[in-house]
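Heavy-atom basis, side chains included; hydrogens, waters and symmetry copies ignored. Just so it is clear: chains get the letters A, B, ... in the order the sequence lines come, proteins before strands, and each one is counted from 1.
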2 protein chains.
Amino acid sequence: MERKKNLEHTTLLVLSLLKGQDLYGYQMITELERRSNSTFHMKEGTLYPVLKKLENGGYVTSYEAEANGRTRKYYRITKSGLKQLAEEKESWEVYADGVNSVLSFMPG
Amino acid sequence: MERKKNLEHTTLLVLSLLKGQDLYGYQMITELERRSNSTFHMKEGTLYPVLKKLENGGYVTSYEAEANGRTRKYYRITKSGLKQLAEEKESWEVYADGVNSVLSFMPG
DNA sequence: TTATATACCTAGATAGACTAGGTATTGCCA
DNA sequence: TGGCAATACCTAGTCTATCTAGGTATATAA
């Protein structure tokens, strides 16, 4: 149903998480869970390919950092990513409004 | 991203259209367009398989009627379909709330 | 020492929606 | 009268977002 490219909610959510602070992959999963009040539990198999796609597209950049002997890969949103985020947010709002319009439609 | 079975928005929209009145397939497309203020343009290739699936699942029943020399296949929502609609509507609301929570999250 | 949590990654499967085709009738316009 | 657009139905095959299920490795708690 016109699931257009800029309506991919996973990318919207990931970009949204990165607005304001850099995060590493694993952290995004827990952050998403926290910010959505446990509604979303993104799978690693979903996240990592999306991060790779976002980096290839120039929407995020990455760098590595040490913490507790572990290497973490942090992601930072780019200017292009912020623009993309704004567009996807707008698309989401149009989509949600559309669904709500249909659901609340009163004949007559 | 946990796109669970009861979060299929197409079925939600179709069932929602059928609540209140019987419709035939082609009409659902124009109705959906109207009720969503032209946000949604469901493709026939999307709709008809969904209708078949809904009928097989007992969520709708169908009957044929003549109009202008054309045969139209009308669909009517069943009691089971109404229950399903209520569940999917609830799921949609949880999902939309989740996305909005993440989008509007203010750190601190 | 063994299990759990943290932290990264990928190949292949699943499934919802689309593309692109098909059939047939009605109504309009040139 | 001829032809095209709109109406009305349908399906096989494709695309792709997400999930499943696996892999590697380190730190920490039981």
Side-chain angles (χ1 to χ4, degrees), chain A residues 1-15 22-34 39-57 59-60 62-75 88 91-92 95 98-99, chain B residues 1-15 17 22-34 36 39-57 59-60 62-75 88 91-92 95 98-99:
Chain A
M1 256 270 318
E2 227 178 43
R3 173 174 296 277
K4 28 182 174 166
K5 300 95 245 153
N6 57 345
L7 230 167
E8 299 153 7
H9 297 169
T10 300
T11 359
L12 169 62
L13 293 172
V14 167
L15 289 175
D22 299 355
L23 298 171
Y24 57 94
Y26 198 82
Q27 191 182 15
M28 292 182 205
I29 291 168
T30 53
E31 266 297 299
L32 183 64
E33 188 145 355
R34 188 168 76 88
T39 302
F40 298 131
H41 313 274
M42 195 182 295
K43 304 298 158 52
E44 295 180 34
T46 302
L47 178 60
Y48 290 109
V50 164
L51 287 173
K52 182 172 272 189
K53 198 190 71 180
L54 285 173
E55 189 166 19
N56 288 340
Y59 301 115
V60 302
S62 68
Y63 57 94
E64 300 206 335
E66 287 291 321
N68 312 328
R70 285 195 196 83
T71 302
R72 290 169 175 169
K73 197 172 172 186
Y74 281 87
Y75 291 86
E88 293 194 11
S91 286
W92 158 253
Y95 180 76
V99 173
Chain B
M1 252 269 318
E2 226 178 42
R3 172 173 296 280
K4 25 182 178 169
K5 303 93 246 156
N6 57 344
L7 228 168
E8 297 154 9
H9 298 167
T10 301
T11 358
L12 168 62
L13 293 171
V14 167
L15 289 175
L17 289 173
D22 299 354
L23 298 172
Y24 56 95
Y26 198 82
Q27 191 181 14
M28 293 182 204
I29 292 168
T30 53
E31 266 298 297
L32 183 63
E33 187 145 356
R34 188 167 76 88
S36 70
T39 300
F40 298 130
H41 314 274
M42 196 183 293
K43 305 297 158 52
E44 294 180 34
T46 302
L47 178 62
Y48 289 109
V50 165
L51 286 173
K52 182 171 275 188
K53 198 190 68 178
L54 285 173
E55 191 166 20
N56 289 340
Y59 302 113
V60 302
S62 70
Y63 56 93
E64 300 206 334
E66 287 289 323
N68 312 327
R70 284 194 195 84
T71 303
R72 291 169 175 170
K73 196 172 175 185
Y74 282 86
Y75 291 86
E88 294 196 8
S91 287
W92 158 252
Y95 179 75
V99 173

(Q) Return a single string for nucleotides 6-14 of chain D, one symbol per nucleotide in 5' to 3' order, where B is base contact, S is sugar-phosphate-only contact and - is none, cutoff 4.0 angstrom on heavy atoms. (A) -BBBBB---

Q: Please report, rounded to the nearest Å, how far the P atom of dT14(C) is from the NZ atom of K43(A).
A: 16 Å

Q | Spacing between M42(B) atom CE and dT19(C) atom P, to the nearest angstrom | A | 14 Å

Q | Minimum-distance pair of heavy atoms, taken over all atoms of W92(B) and L12(B) | A | CB-CD2, 3.7 Å

(Q) I'd like to check the side-chain contact (heavy atoms from CB on, under 4.5 Å) partners of E64(A); sequence neighbours left out, ordered by chain and number. (A) T71(A), K73(A)

Q: Can you tell me the distance, in whole Å, between the NE2 atom of H41(A) and the P atom of dT20(D)?
A: 12 Å

Q. Rounding to a whole Å, what distance do you find between I29(A):CD1 and dA5(C):C1'?
A. 13 Å

Q) Is the centre of the Y63(A) ring less than 6.0 Å from the centre of the Y75(A) ring? A) no

Q) What residues, two or more places apart in sequence or in another chain, satisfy ring-ring contact (aromatic ring centres under 6.0 Å, His included) together with Y48(B)? A) none

Q. Could E55(B) and K52(B) be called an ion pair, given the rule that one side-chain N must be under 4.0 Å from one carboxylate O?
A. no

(Q) Measuring only between side-chain heavy atoms, which start at C-beta, is L13(B) closer than 4.5 Å to F40(B)? (A) yes

Q | Earlier contact from the 5' end, DNA chain D, for G69(A) and V50(A) | A | V50(A)

